[in-house]
Peer 1: 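Sharing a structure here in structure tokens format.
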Amino acid sequence: MAQKKSTKKARRIFPKKIPMKKVQRAMAKKAQKAPEEPIVLQTLRGMRDLLPQEQPYWHQVRRSVERAAQEYGFQRIDTPVVEYENLFTRAIGQGTDIVEKEMYAFVTKGGDRVALRPEMTASIARAYIQHGMNVLSKPIKLFSTGPLYRYDRPQEGRYREHWQANFDILGEEDPILDAQVIQLAQRVIQSIGIKNCQFQINSIGTAECRKTYQNLLVSYLESKKQKLCQNCRRRLEINPLRILDCKEDKCAQVSVGAPQTIDHLDPESRVHFKNLLEYLDELDLPYAINPRLVRGLDYYTRTVFEIWSGEEGGKKFSLGGGGRYDRLIEMIGGEPTPAIGFALGLDRLVLEMKKVNARPYRAQKPRVFLAQLGDLAKKKSLRLFSELEKNGILVAESFGRGNLKSQLRHADRMRVAITLIIGQKEALDGTVIVKNMVTGTQETVAKEKIVAIVKKNLKSNIVVLKQ
Ligand code: HAM
């Protein structure tokens with residue numbers, strides 16, 4: 001039936017007498033002739049290649065994140081980069097900048113409205129419901145790392161594609177877990193060598209107590225409307241809470257006199273916040289209560305926090321942020337499930353590491369170089385390389401070079417302890433020359449014994465690494 005319909009439609013477009021195949025061929029030919037647009041050999045604005053020289057920083061950050069996740073009992077979860085658009089609009093909120101201005105949303109060829117994820121929490125909540133995690137024993141601790149997409153105005157530390165390490169604890173409302181995720185964030189940040197950062201904390205209460213607070217806030221802000229920036233005047237209608245953390249000076253001045261969320265908490269939220277602060281005091285974890293901290297996503301309830309870079313003078317970044325979202329899972333169709341989580345911005349952690357001269361990851365350097373001369377030797381060296389590598393010996397080589405002198409120069413530059421040489425004769429004999437690069441002495445060894453000899457040499461004091 002559907003086919004008939006489409007044939008009818010096609011017939012309306014193309015006269016009956018022309019066979020469809022002929023039309024298709026003509027169209028393909030025309031497409032072939034159309035001048036090709038030149039390829040722009042550049043990443044899209046706000047997106048970057050993370051080149052090999054950057055990777056030691058990234059590796060250090062990822063290692064710390066993974067180690068901390070394991071130590072704090074988090075299990076890894078990976079969710080797709082693309083989800084249905086309404087998951088994000090409902091979870092993050094219609095009036096937020098992320099949903100209103102920054103989503104990469106599009107319609108697929110199949111007609112689905114989808115979006116590149118601008119954050120991970122909505123996907124975690126979706127996965128929790130989809131896979132029936134509510135039957136698992138609580139709390140459920142999940143972590144994930146991956147790229148996120150926000151069509152924001154790019155600048156230093158703000159990209160359209162950025163990376164986060166995201167931690168969430170689902171199924172528990174005890175404030176000790178709020179303290180534990182903050183402790184975890186601090187652990188990761190300190191372990192990568194960032195000593196100075198500030199934890200900014202606030203409680204925005206439940207949706208119910210926020211209603212009363214919001215009315216007070218709106219009437220205060222209405223009286224100062226003329227002093228607000230254009231954007232905040234609009235926010236007054238759709239998301240007045242966001243005005244509190246507007247970065248414009250004039251709005252910040254207005255916010256100073258605004259009613260504060262912590263003065264309008266319901267009794268349970270007040271106790272929750274008080275307990276959290278007591279846990280943090282017990283941990284000796286320094287924090288600042290920031291009554292203007294409201295976060296840019298609508299799903300938060302009670303605890304919200306951000307970690308700011310501690311650099312004196314220069315621009316402060318939020319290195320990470322999070323909070324409680326006790327209603328989110330219920331709001332998108334699951335059963336009531338309290339939850340808390342946060343995400344660290346990996347791009348910003350790397351940026352901060354560089355600013356404070358923190359040490360990047362240092363990969364182990366090979367202490368053995370494998371050189372070869374002649375076609376047969378080249379063939380043998382590939383097998384020898386694999387044998388050494390399987391035995392846990394890191395080996396450097398420059399297989400592409402034929403000239404022995406230049407290979408040895410390369411080995412010298414790499415400051416290896418041993419160079420193994422296979423020439424034409426050794427290839428035929430089944431032997432390998434073992435050259436001590438410190439003393440310059442060398443011996444010829446049967447290839448069956450080479451792994452043992454190399455290991456012995458590397459262990460013994462004979463080989464002293466040149467520095
Ligand atoms: P968020 O504050 O929107 O929270 O993002 C977390 C962190 O990601 C920020 O503190 C910042 O370091 C980094 N970040 C955000 N946008 C950019 C950007 N355009 N370029 C570079 N870095 C950026 C969330 O996304 C929540 N989902 C966190 C959460 C998890 N809440 C509960 N669980």
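Atoms within a ligand are numbered from 1 in the order they appear, just like the ligands themselves. Just the heavy atoms: all of them, side chains too, but no hydrogens, waters or symmetry mates, feed the values below. Quick caveat: nothing in here was measured; it's all calculated off a predicted structure.
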Peer 1: Hey, does Ala343 come in under 3.5 Å of ligand 1, counting only N/O atoms on both sides?
Peer 2: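 Ala343 vs ligand 1: no N/O contact under 3.5 Å.
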Peer 1: Take every heavy atom of Gly296, measure it against each atom of ligand 1, and state whether any distance is under 4.0 Å.
Peer 2: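 Heavy atoms of Gly296 never come under 4.0 Å of ligand 1.
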Peer 1: Do Gln60 and Trp58 meet the criterion of a side-chain donor-acceptor pair at a distance under 3.5 Å?
Peer 2: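 Note: Gln60 and Trp58 side chains miss the donor-acceptor criterion.
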Peer 1: Could you tell me whether some N/O pair between Arg158 and ligand 1 is separated by less than 3.5 angstrom?
Peer 2: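 No, no N or O pair falls under 3.5 Å.
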Peer 1: Could you name the option among Asp168, Leu142, Asp97 that has the heavy atom nearest to atom 33 (N) of ligand 1?
Peer 2: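 Considering heavy atoms of Asp168, Leu142, Asp97, the nearest to atom 33 (N) of ligand 1 sits in Asp168.
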Peer 1: With Tyr325, which of Asp168, Thr121, Thr303 fulfils side-chain hydrogen bond (donor to acceptor under 3.5 Å, both in side chains)?
Peer 2: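 The residue from Asp168, Thr121, Thr303 that satisfies side-chain hydrogen bond (donor to acceptor under 3.5 Å, both in side chains) with Tyr325 turns out to be Asp168.
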Peer 1: Is the closest N or O pair between Asp152 and ligand 1 shorter than 3.5 Å?
Peer 2: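 For ligand 1, there is no N or O atom that lies under 3.5 Å from one belonging to Asp152.
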Peer 1: To the nearest 0.5 Å, tell me how far Ile176 CD1 sits from Tyr279 OH.
Peer 2: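 Rounded to the nearest 0.5 Å, the CD1-OH separation comes out at 4.5 Å.
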Peer 1: Distance alone, cut at 3.5 Å: any donor-acceptor contact between the side chains of Asn215 and Thr212?
Peer 2: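 Side chains of Asn215 and Thr212: no pair found under 3.5 Å.
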Peer 1: Can you find a non-hydrogen atom of Asp347 under 4.0 Å from ligand 1?
Peer 2: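 Not so, Asp347 does not reach ligand 1.
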Peer 1: Within the 4.5 Å heavy-atom criterion, are Arg113 and Asn86 side-chain neighbours or not?
Peer 2: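 No, too far: nothing below the 4.5 Å cut-off.
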Peer 1: Heavy atom of Glu306 under 4.0 Å from ligand 1?
Peer 2: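 It does not, in that no heavy atom of Glu306 comes within the 4.0 Å cut-off of ligand 1.
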Peer 1: Is the closest heavy-atom distance from Tyr300 to ligand 1 below 4.0 Å?
Peer 2: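 Distance cut 4.0 Å: Tyr300 passes for ligand 1.
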Peer 1: Could you check whether His272 and Asp178, counting side-chain N and O atoms only, form a donor-acceptor pair closer than 3.5 Å?
Peer 2: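 Indeed, the side chains of Asp178 and His272 share at least one donor-acceptor pair under 3.5 Å.
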Peer 1: For ligand 1, find out whether one of its N or O atoms is nearer than 3.5 Å to an N or O atom of Gly320.
Peer 2: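 Right, the criterion is met.
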Peer 1: How about Gln190: does its CD atom have over 12 heavy atoms from other parts shown lying under 6.0 Å from it?
Peer 2: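 Enclosed: over 12 neighbouring heavy atoms sit under 6.0 Å from CD of Gln190.
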Peer 1: Would Trp163 count as a contact of ligand 1 if the rule is a heavy atom under 4.0 Å away?
Peer 2: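 No.
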